Q: 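Pasting a structure below so you can have a look.
Quick note: residue numbers are just sequence positions, from 1. Since the model is a prediction, treat every value here as computed from it, not as a measurement.
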Amino acid sequence: MATIEPYETKAGRRYKVQYRTPDRKATTKRGFKRKKDAELFAAEIETTKASGTFISPTAGNITLSKIHEVWEHGQKQLSTRSQRNNASSWRVHVQPKWGTWPVGRITTGEVRKWIAQLQDDNGRDTVLRALHVLRSHLDVAVEEHRIKVNPAVKIQVKREVRPKRPYLTIPQVNALSAAMNGDQAKTLIYVLAYCGPRINEATALNVADYDKDARRISITKAVKGPGEIGPTKTYEQRSVPVPKFVAAMINRIVEGRSIHGPLFTSPEGARLDADNFRLRQFKPGVKAAQEAWSTAHEEDERGFPTITPHALRHTCASMAISAGANVMAVQKLLGHENAAVTLGIYADLFPDDLDQVADALDALHARLSKPGS
């Protein structure tokens with residue numbers, strides 16, 4: 001049990017609490033001006049020892065950089081891309097600010113101030129990543145019994161007004177495919193726009209994942225990094241339909257090839273690298289399509305938008321909804337975790353039924369308001 005003893009100082013009487021840590025180490029906490037405060041501290045010590053939540057008053061003196069050494073071990077279960085992004089955020093944003101700080105001195109107010117400063121010079125995704133990295137380090141500090149609670153848990157990052165999501169029209173998809181070099185690149189554009197895979201899912205496809213007779217593509221994996229293939233983003237597997245004209249294009253590029261090889265390949269025959277495709281083929285293809293489009297469609301004020309491969313996934317959703325697909329169908333096509341995610345992203349594309357609701361209520365009111373109703 002903790003004991004309390006008074007002692008004299010030049011400033012007057014003070015109280016000290018003597019207790020043993022769970023590992024039986026004798027410890028003293030001095031400087032209490034009131035005996036009541038010492039009693040409260042002693043009671044808290046005994047309660048946390050009994051509940052297994054005891055944290056030494058000096059445990060928080062460890063720096064965040066020391067916690068980082070433990071945190072790194074937990075990163076190995078993540079994809080190569082996630083590891084790389086987290087490591088970059090630690091090196092660029094988190095370590096310069098917090099690396100030398102004792103974790104016990106990091107407060108919610110200080111974290112909130114740091115986030116506000118980051119937002120002045122960085123996009124929201126960058127700030128969210130930095131906050132995630134700091135928060136996960138402090139989670140380790142809690143798990144290691146260095147601090148009681150994570151001071152970054154309730155910190156939020158302000159939302160940004162995102163630019164309107166770009167969608168291509170069918171003629172623009174045709175123009176983009178025509179601007180690409182080689183049958184494989186042309187086919188990939190149509191697969192992205194009409195089947196909706198993420199680019200890293202498309203480049204992970206093998207010939208065997210394409211069922212020629214059923215006209216289906218089985219999406220079960222994604223490229224996670226150089227030479228690394230793992231589960232899809234949501235860990236879901238799905239089978240997506242392939243329009244006949246896209247199937248005909250796939251049939252041509254896979255003819256005579258082993259079913260065990262990649263569906264989309266580099267000029268050297270290796271699995272197509274998504275980053276190389278973006279830089280060396282997609283970006284030049286978009287630029288060429290924009291130039292051709294502006295020449296052929298001078299009256300089009302909207303023009304041909306500057307897009308990334310992911311915009312073709314959005315285009316797929318847009319075309320499917322325009323064709324009458326419901327929320328559940330779009331969810332299954334794109335592999336979202338649930339329909340709420342689909343609605344959250346594409347709510348603006350689904351038909352607005354509110355006018356129909358108002359008309360129905362108007363008719364109900366008229367019918368039930370008649371005399372004798």
Side-chain angles (χ1 to χ4, degrees), residues 74-87 129 180 182-243 246-247 249-282 308-317 320 328-339 341-342 345:
Q75 294 293 291
K76 295 178 182 179
Q77 64 183 331
L78 303 179
S79 70
T80 302
R81 185 181 299 273
S82 293
Q83 290 184 51
R84 185 168 62 246
N85 290 341
N86 287 345
R129 174 74 64 173
M180 306 299 289
D183 289 342
Q184 288 206 52
K186 294 178 186 294
T187 303
L188 178 55
I189 294 300
Y190 281 117
V191 168
L192 294 172
Y194 280 83
C195 303
R198 301 173 179 88
I199 182 63
N200 288 338
E201 293 173 340
T203 53
L205 291 171
N206 290 331
V207 175
D209 294 319
Y210 167 60
D211 187 330
K212 177 179 179 181
D213 296 330
R215 283 193 294 107
R216 291 266 179 162
I217 290 176
S218 181
I219 299 176
T220 62
K221 53 194 178 297
V223 175
K224 298 297 184 179
E228 179 187 359
I229 294 180
T232 63
K233 181 179 180 180
T234 58
Y235 290 83
E236 296 290 335
Q237 300 183 4
R238 64 193 190 276
S239 176
V240 299
V242 182
V246 179
M249 297 181 72
I250 297 176
N251 291 341
R252 285 195 294 271
I253 67 171
V254 301
E255 186 175 0
R257 287 165 50 187
S258 168
I259 63 171
H260 303 296
L263 181 59
F264 296 106
T265 63
S266 68
E268 295 76 26
R271 184 177 301 278
L272 182 65
D273 181 272
D275 291 334
N276 286 341
F277 173 73
R278 289 187 187 95
L279 180 64
R280 299 175 184 176
Q281 294 179 273
F282 192 83
T308 64
H310 201 73
L312 295 178
R313 179 171 162 84
H314 298 321
T315 296
C316 179
M328 293 297 294
V330 176
Q331 176 211 338
K332 292 178 180 179
L333 176 66
L334 300 183
H336 290 153
E337 290 181 296
N338 52 58
V341 173
T342 307
I345 299 174

Q: Do N86 and R129 come close enough that some side-chain heavy atom pair is under 4.5 Å?
A: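 Side chain of N86 against side chain of R129, heavy atoms only: contact under 4.5 Å found.
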Q: Distance from L263 atom CG to R257 atom CZ, nearest 0.5 Å?
A: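 Between L263 CG and R257 CZ, I get 6.0 Å after rounding to 0.5 Å.
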Q: Taking it one step at a time, do V191 and Y210 satisfy side chain to side chain contact (heavy atoms under 4.5 Å, CB included)?
A: CA-CA 11 Å; V191 168; Y210 167 60; over 6 Å; no
Q: If you count every heavy atom of other residues, nucleotides or ligands that lies below 6.0 Å from K332 atom NZ, does the total exceed 12?
A: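 Count not over threshold, so no.
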Q: With L333, which of C195, P197, P241 fulfils side-chain contact (heavy atoms from CB on, under 4.5 Å)?
A: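 That would be P241; it is the only one of C195, P197, P241 passing the side-chain contact (heavy atoms from CB on, under 4.5 Å) with L333.
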Q: Which heavy atom of P262 sits nearest a heavy atom of A270, and at what distance?
A: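 Scanning both residues completely, I find the closest heavy atoms to be CG-C, 4.4 Å.
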Q: Side-chain contact, heavy-atom cut-off 4.5 Å: M249 with I189?
A: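 No, too far: nothing below the 4.5 Å cut-off.
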Q: Hey, could you give me the CD/NZ distance between Q281 and K186, rounded to the nearest 0.5 Å?
A: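 Taking CD in Q281 and NZ in K186, the distance rounds to 11.0 Å.
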Q: If you take all heavy atoms of D209 and A204, which pair is closest and at what distance?
A: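 Closest approach of D209 to A204, heavy atoms only: OD2-O, 4.3 Å.
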Q: Rounded to the nearest 0.5 Å, what separates atom CZ in R198 from atom CD1 in I219?
A: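 Interatomic distance, R198 CZ to I219 CD1, rounded to 0.5 Å: 8.5 Å.
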Q: Could you tell me if the side chain of I250 sits less than 4.5 Å from the side chain of Y190, heavy atoms only?
A: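 No, their side chains stay 4.5 Å or more apart.
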Q: Under 3.5 Å, side-chain donor or acceptor atoms of residues 272-280 against the rest of the protein: list the pairs with distances, not counting sequence neighbours.
A:
| residue | atom | partner | partner atom | Å |
| --- | --- | --- | --- | --- |
| D273 | OD1 | D275 | N | 3.0 |
| D273 | OD1 | N276 | N | 2.8 |
| D275 | OD1 | R278 | NH1 | 2.7 |

Q: Between A202 and F264, which heavy-atom pair has the shortest distance, and what is it?
A: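 Nearest pair, atom of A202 first, then F264: O-CD1, 3.6 Å.
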Q: Quick check for you: to the nearest 0.5 Å, what is the distance between N200 atom CG and L205 atom CG?
A: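 Reported to 0.5 Å precision, the distance equals 11.0 Å.
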Q: Step by step, work out the side chain to side chain contact (heavy atoms under 4.5 Å, CB included) result for K212 and V254.
A: CA-CA 10 Å; K212 177 179 179 181; V254 301; over 6 Å; no
Q: Could you state the interatomic distance from CG (L334) to OG1 (T342), rounded to the nearest 0.5 Å?
A: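 That separation rounds to 6.5 Å.
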Q: Let me see the working for L78 and K224 under side chain to side chain contact (heavy atoms under 4.5 Å, CB included), right down to the final yes or no.
A: CA-CA 9 Å; L78 303 179; K224 298 297 184 179; over 6 Å; no
Q: Do the side chain of R216 and the main chain of D211 share a donor and acceptor less than 3.5 angstrom apart?
A: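 No: the side chain of R216 does not pair with the backbone of D211.
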Q: Can you tell me if K233 has over 12 outside heavy atoms packed within less than 6.0 Å of its NZ?
A: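 For K233, atom NZ is not crowded (no more than 12 foreign heavy atoms under 6.0 Å).
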Q: Could you measure the distance from the CD atom of Q184 to the CD1 atom of I253? Nearest 0.5 Å is fine.
A: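 Going from the CD atom of Q184 to the CD1 atom of I253 covers 5.0 Å.
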Q: Evaluate side chain to side chain contact (heavy atoms under 4.5 Å, CB included) for T234 paired with V341, printing each intermediate quantity in order.
A: CA-CA 11 Å; T234 58; V341 173; over 6 Å; no
Q: Ignoring hydrogens, what is the shortest heavy-atom contact between A185 and M180? Give both atom names and the distance.
A: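 Between these two residues, the closest heavy atoms are CB-CB, 3.9 Å.
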Q: Using 30° and 60° as the class limits, which term best fits the ring planes of H314 and H310: parallel, tilted or perpendicular?
A: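 It falls in the perpendicular class, over 60°.
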Q: At their closest point, which heavy atom of Y194 faces which heavy atom of V246, and how far apart are they?
A: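 That would be CB-CG2, 4.2 Å.
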Q: Of all the heavy-atom pairs spanning R313 and G196, show the shortest one and how long it is.
A: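 Looking at all heavy atoms of both residues, the shortest contact is NH1-O, 2.6 Å.
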